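Heavy-atom basis, side chains included; hydrogens, waters and symmetry copies ignored. Just so it is clear, the structure is predicted and the values come from calculations on it, not from any experiment. Note on naming: letters A, B, ... go to the chains in the order of the sequence lines (proteins, then strands), and numbering restarts at 1 for each one.
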Amino acid sequence: DGGITQSPKYLFRKEGQNVTLSCEQNLNHDAMYWYRQDPGQGLRLIYYSQIVNDFQKGDIAEGYSVSREKKESFPLTVTSAQKNPTAFYLCASSDPNTGELFFGEGSRLTVL
Amino acid sequence: AQSVTQLDSQVPVFEEAPVELRCNYSSSVSVYLFWYVQYPNQGLQLLLKYLSGSTLVKGINGFEAEFNKSQTSFHLRKPSVHISDTAEYFCAVTNRDDKIIFGKGTRLHILP
């Protein structure tokens, strides 16, 4: 089945530690996205990549980093500089013809 | 610039009653419109989309939406809701050349 796979589903980390969230897609889409979701705040764009080896900051990029070395993969690192990292993180890719987004199941990060 | 407004943050409705979730958008060019549904601790799934053609769009789970260009609206409707429809619903817009923009979401509560 084609789709977006995020891992891990749940992640607990201590304050000050970097964590990396995995996102893999087999839809052959060029564009991929990372969103953060907090209760009552909808979806906020962290980073996006329109092609391999290129990415741009979204609305809330501070404290996060990404890489796009392969078309299939777009990992997100939550660094120790992110002041409030506890959140639900969603990865997506987009259909180039319509802009429709396809989402993974999400990763819930809790910083203790 | 594009924007999306979901007028209600929460909508309570009795089981088997009809429901309408409202969405208004602003854009200076032709748009593609989407409704997504999110169940607790899951990613977003596409309910339906308007790309062109008939302004009445039918989606999964008995939902439908009507594109109204003059009122710049894309309201989501279901004639009879079930307890399983309890979820958060997101309206989104894109003009294909720009990133997709999401509304802040409407939480649908089904009352027994």
Quiz item: Taking only heavy atoms into account, what residues of residues 45-77 of chain B are found under 4.5 Å from chain A?
Solution: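 Only B:L46, B:K49, B:L51 of residues 45-77 of chain B have a heavy atom under 4.5 Å from chain A.
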(Q) For the CZ atom on B:F14, are there more than 12 heavy atoms of other groups (residues, nucleotides or ligands in this structure) within a distance under 6.0 Å? (A)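 At most 12 heavy atoms, drawn from other residues, nucleotides or ligands, come within 6.0 Å of this atom.
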Counting only heavy atoms not in A:R108, do more than 12 fall under 6.0 Å of its CZ?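 Check passes, neighbour count above 12.
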| task | Specify the closest pair of heavy atoms between B:Y32 and A:N97, including all atoms of both residues, with the distance to one decimal. | result |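 It is CE1-O, 3.7 Å.
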Checklist entry - Where does B:Q10 contact chain A at under 4.5 Å (heavy atoms): side chain, backbone, both or neither? => result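 Looking at B:Q10, nothing touches chain A.
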Check your understanding: What residues, two or more places apart in sequence or in another chain, satisfy side chain to side chain donor-acceptor pair (under 3.5 Å) together with B:E16?
Key ->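 Partners of B:E16 by the side chain to side chain donor-acceptor pair (under 3.5 Å) criterion come out as none, since no residue qualifies.
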Practice item. Could you tell me whether the side chain of A:Y33 and the main chain of B:K99 form a donor-acceptor pair under 3.5 Å? Key: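 No.
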Spell out, yes or no, whether [X] and [Y] are grouped together once hydrophobic residues are joined by side-chain heavy atoms under 4.5 Å, including indirect joins.
{"X": "A:Y35", "Y": "A:L76", "value": "no"}
{"X": "B:W35", "Y": "B:V19", "value": "yes"}
{"X": "B:L33", "Y": "B:F90", "value": "no"}
{"X": "A:L109", "Y": "A:F103", "value": "no"}
{"X": "A:L21", "Y": "A:L90", "value": "no"}

| query | So which bits of residues 42-71 of chain A come within less than 4.5 Å of chain B, counting non-hydrogen atoms only? | reply |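 Listed by number: A:G42, A:L43, A:L45, A:Y48.
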*State the OH-CZ distance between B:Y36 and A:F102, to the nearest 0.5 angstrom.*
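Going from OH on B:Y36 over to CZ on A:F102, the span is 7.0 Å.
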Practice task
Please report the C-alpha distance between A:L101 and B:L44 in whole Å, then the side-chain angles of each, then the deciding distance to 0.1 Å, and finally whether the side-chain contact (heavy atoms from CB on, under 4.5 Å) criterion is met.
Solution key: CA-CA 9 Å; A:L101 289 183; B:L44 278 68; over 6 Å; no
Extract all donor-acceptor atom pairs below 3.5 Å that involve side chains of residues 3-12 of chain A and protein atoms in other chains or at least two apart in sequence.
residue: A:Q6; atom: OE1; partner: A:C91; partner atom: N; Å: 2.9
residue: A:Q6; atom: OE1; partner: A:G106; partner atom: N; Å: 3.1
residue: A:Q6; atom: NE2; partner: A:Y89; partner atom: O; Å: 3.1
residue: A:K9; atom: NZ; partner: A:E105; partner atom: O; Å: 3.2
residue: A:K9; atom: NZ; partner: B:N41; partner atom: O; Å: 2.6

Quick one, A:F88 with B:Q42, criterion side-chain contact (heavy atoms from CB on, under 4.5 Å). Give me CA distance, side-chain angles, the key distance, then yes/no.
CA-CA 9 Å; A:F88 191 55; B:Q42 292 186 27; 5.9 Å; no
